[in-house]
Amino acid sequence: MKDIRIETIRATAIYLVILIHFCNYYLSPLEAVYTGNYLIALFYNISARISVPLFFMISGAVGLKKDFSFKKNKRKITHMLIVLVLWSIIYYLWNYFFLGRDMLSVNVFNFLFDPLKNHLWYMYAYIGLLIVQPFTALLAKHMKPVHENYFIIAWLLLCGGIKMADCLFDYMDITANLKYKIPIIQGTYYFGYYLCGHILYKRLTQKKQFDKYSKNIKASLSDSLLNLKTVYYLFTAAVSIIICFALTAYISVEITHTMEKPIFGYSSLLIMIPTLCMFIAFIKFTPPHGNFKICKKIIAAVGNTSFGIYLSHLIFFSILYTYADIRSLDSAYALPLLSVLILIVSHIFVEITKRIPFINKYLY
């Protein structure tokens, strides 16, 4: 039986992914200025940045709680490679026939390591995580809370913290680039989300197994932090996002005059913190009974098609921006409402196509 909390994260995250793409399209040609439309779209964009990291976290939470099997992992990698290749072909044809782009002069071998459509980068990262899953599974299985605490703190400070400091130093014309990245901790920021998802989900859902290590000072401190009320995580996430928004707006408008993505990149400390806080808040949430049954059905339905929505939604997104002048609309209401529209259309498309055996087997 699927955990409704995990499915809630999936459903929320896929909506935010669509919102990011609308925000990027809306903001890309605009000059960075202190206007309502620009600032609201920028705030939506930054707030939605927790989406992809949340997908990495739930992948770790679900994938690392099972006993590792080389056979299953190999099958999973093969399936994901097939999905990636087929959707790359679909978007290649879509770009050529619908968007009218010159694809004949493109070297298709470039797409072995560089996604044809930007949103497909997640597939490359996820397949990479599956390739190293044998080692990640061993690491996750044998880590005690003291090791887990060390990893989370080191990852936040040495990956997110240094990345954040490096960005700020650049704007001050100070060169402070860390040439030799710290293995595991800084090798890939999404590995950190993946492993943190496993650690936090395990601790929040299997507390009895964690209690036997509670005599350890660091473990008991981390246990206390996880026992805080949900409102504290929501508050911390909100403060981080507001700081990120304020920094981005100021630097974009006053210094560079263009939207500065590095500040709210997925490896930024100001995105890592709210992502972890929101993940904890979702897992700690206890769904009410009664009328929530309808909401649970909707969440379960969207969560079940979230992977297909992620893969296919840019088709419907491109149709919309081709025939509608999105940028002429007020960002405050247009961006969230259009994101809902694309979510619904993509969900219906996936639900229909999943009923076709071949498509369901190879495209999702």
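Quick caveat, the model's predicted, so the values are computed rather than measured.
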Would you say the side chain of Lys284 lies within less than 4.5 Å of the side chain of Arg5, judging by non-hydrogen atoms?
no
Hydrophobic cluster membership, with links at side-chain heavy-atom distances under 4.5 Å among I/L/V/M/F/W/Y: are Ile182 and Tyr190 in one?
yes
Look at the side chain of Thr305 and the backbone N and O of Val302, then say whether any donor-acceptor pair between them is shorter than 3.5 Å.
yes
Do Val62 and His198 come within less than 4.5 Å of each other through their side chains, counting heavy atoms only?
no
How far apart are the C-alpha atoms of Ile283 and Leu200, what are their side-chain angles, what is the distance that settles it, and do they pass the side chain to side chain contact (heavy atoms under 4.5 Å, CB included) test?
CA-CA 9 Å; Ile283 300 302; Leu200 294 175; over 6 Å; no
Looking at Leu343 and Ile14, what are the two nearest heavy atoms and their distance?
CD1-CG2, 3.9 Å
Salt bridge flag under 4.0 Å for residues Glu7 and Lys296:
no
Minimal non-hydrogen separation, Ala332 against Ile40, with atom names
CA-CG2, 3.7 Å
Among the clusters formed by ILVMFWY side chains lying less than 4.5 Å apart, do Ile131 and Leu138 turn up in the same one?
no
For the aromatic rings, using the six-membered ring if either is Trp, is the centroid distance between Tyr321 and Phe317 under 6.0 Å?
yes
Nearest non-hydrogen partners of Ala140 and Leu195, listed with the distance:
CB-CD1, 4.1 Å
Applying salt bridge (charged side-chain N to carboxylate O under 4.0 Å, His left out), name anything that partners Asp114, two or more places apart in sequence or on another chain.
none
Donor-acceptor under 3.5 Å (Glu31 side chain, Thr258 main chain):
no
Check: Tyr126 ring centroid to Phe55 ring centroid under 6.0 Å:
no
Treating Arg203 as the side-chain partner and Pro145 as the backbone partner, does any N or O pair qualify as donor plus acceptor under 3.5 Å?
yes
Taking the side chain as every heavy atom from C-beta outward, state whether Gln133 and Leu64 have any atom pair closer than 4.5 Å.
yes
Are Ile199 and Asn149 packed together at the side-chain level, in the sense that at least one heavy-atom pair is separated by less than 4.5 angstrom?
no
So the ring-ring contact (aromatic ring centres under 6.0 Å, His included) pairs with at least one residue in residues 324-364 (sequence neighbours excluded) are Phe316-Phe349, Phe358-Tyr362
Report yes if some heavy atom in the side chain of Leu116 is under 4.5 Å from a heavy atom in the side chain of Asn95; otherwise report no.
yes
Ring pair (Phe, Tyr, Trp, His ring centres under 6.0 Å) against Phe98, all qualifying residues, sequence neighbours excluded:
Trp94
Which atoms form the tightest heavy-atom contact between Ile58 and Ile9, and what is the distance?
CG2-CG2, 3.7 Å
Ignoring hydrogens and angles, tell me if any N or O in the side chain of Ser69 forms a donor-acceptor pair with the backbone of Lys72 under 3.5 Å.
yes
Is there a continuous path of hydrophobic side-chain contacts, each under 4.5 Å between heavy atoms, that joins Tyr250 to Ile242?
no
Could you go step by step and tell me if Leu329 and Leu335 meet the side chain to side chain contact (heavy atoms under 4.5 Å, CB included) rule?
CA-CA 9 Å; Leu329 303 174; Leu335 296 179; over 6 Å; no
With clusters defined by side-chain heavy atoms of hydrophobic residues (ILVMFWY) lying less than 4.5 Å apart, directly or transitively, does Met164 cluster with Ile255?
yes
Give me each pair satisfying ring-ring contact (aromatic ring centres under 6.0 Å, His included) with a member in residues 57-90, each pair once, sequence neighbours excluded.
Phe68-Phe70, Trp87-Tyr91
Would you list the pairs meeting ring-ring contact (aromatic ring centres under 6.0 Å, His included) in which at least one residue belongs to residues 229-249, sequence neighbours left out?
Phe43-Phe245
Check whether any side-chain heavy atom of Tyr323 sits under 4.5 Å from a side-chain heavy atom of Ile319, and report yes or no.
yes
Test Phe264 against every option in Leu247, Leu42, Ile241, Leu270 by the side-chain contact (heavy atoms from CB on, under 4.5 Å) rule and name the one that passes.
Leu42
Can the positive tip of Arg327 be found less than 6.0 Å from the middle of the six-membered ring of Tyr25, inside 45° of the ring normal?
yes
Answer yes if the ring centres of Trp155 and Phe191 are under 6.0 angstrom apart, and no otherwise.
no
Step by step, work out the side-chain hydrogen bond (donor to acceptor under 3.5 Å, both in side chains) result for Tyr201 and Asp3.
CA-CA 11 Å; Tyr201 185 72; Asp3 187 337; 2.7 Å; yes
Let me check something: do Leu157 and Leu225 share a hydrophobic cluster, defined by ILVMFWY side-chain heavy atoms less than 4.5 Å apart, either directly or through other members?
no
Between Ile20 and Asn45, is there a side-chain heavy-atom distance shorter than 4.5 Å?
yes
Output yes when a side-chain donor or acceptor of Ser268 lies under 3.5 Å from a complementary backbone atom of Ile263, and no otherwise.
yes
Got a sec, which residues hit ring pair (Phe, Tyr, Trp, His ring centres under 6.0 Å) with His313, two or more places apart in sequence or on another chain?
His21, His119
Taking every heavy atom of Met278 against every heavy atom of Leu234, the minimum-distance pair comes out as SD-CD2, 3.7 Å
Which heavy atom of Ala48 sits nearest to which heavy atom of Ser51, and what is that distance?
O-OG, 2.8 Å
Close side-chain approach of Ser331 and Tyr26, heavy atoms under 4.5 Å:
yes
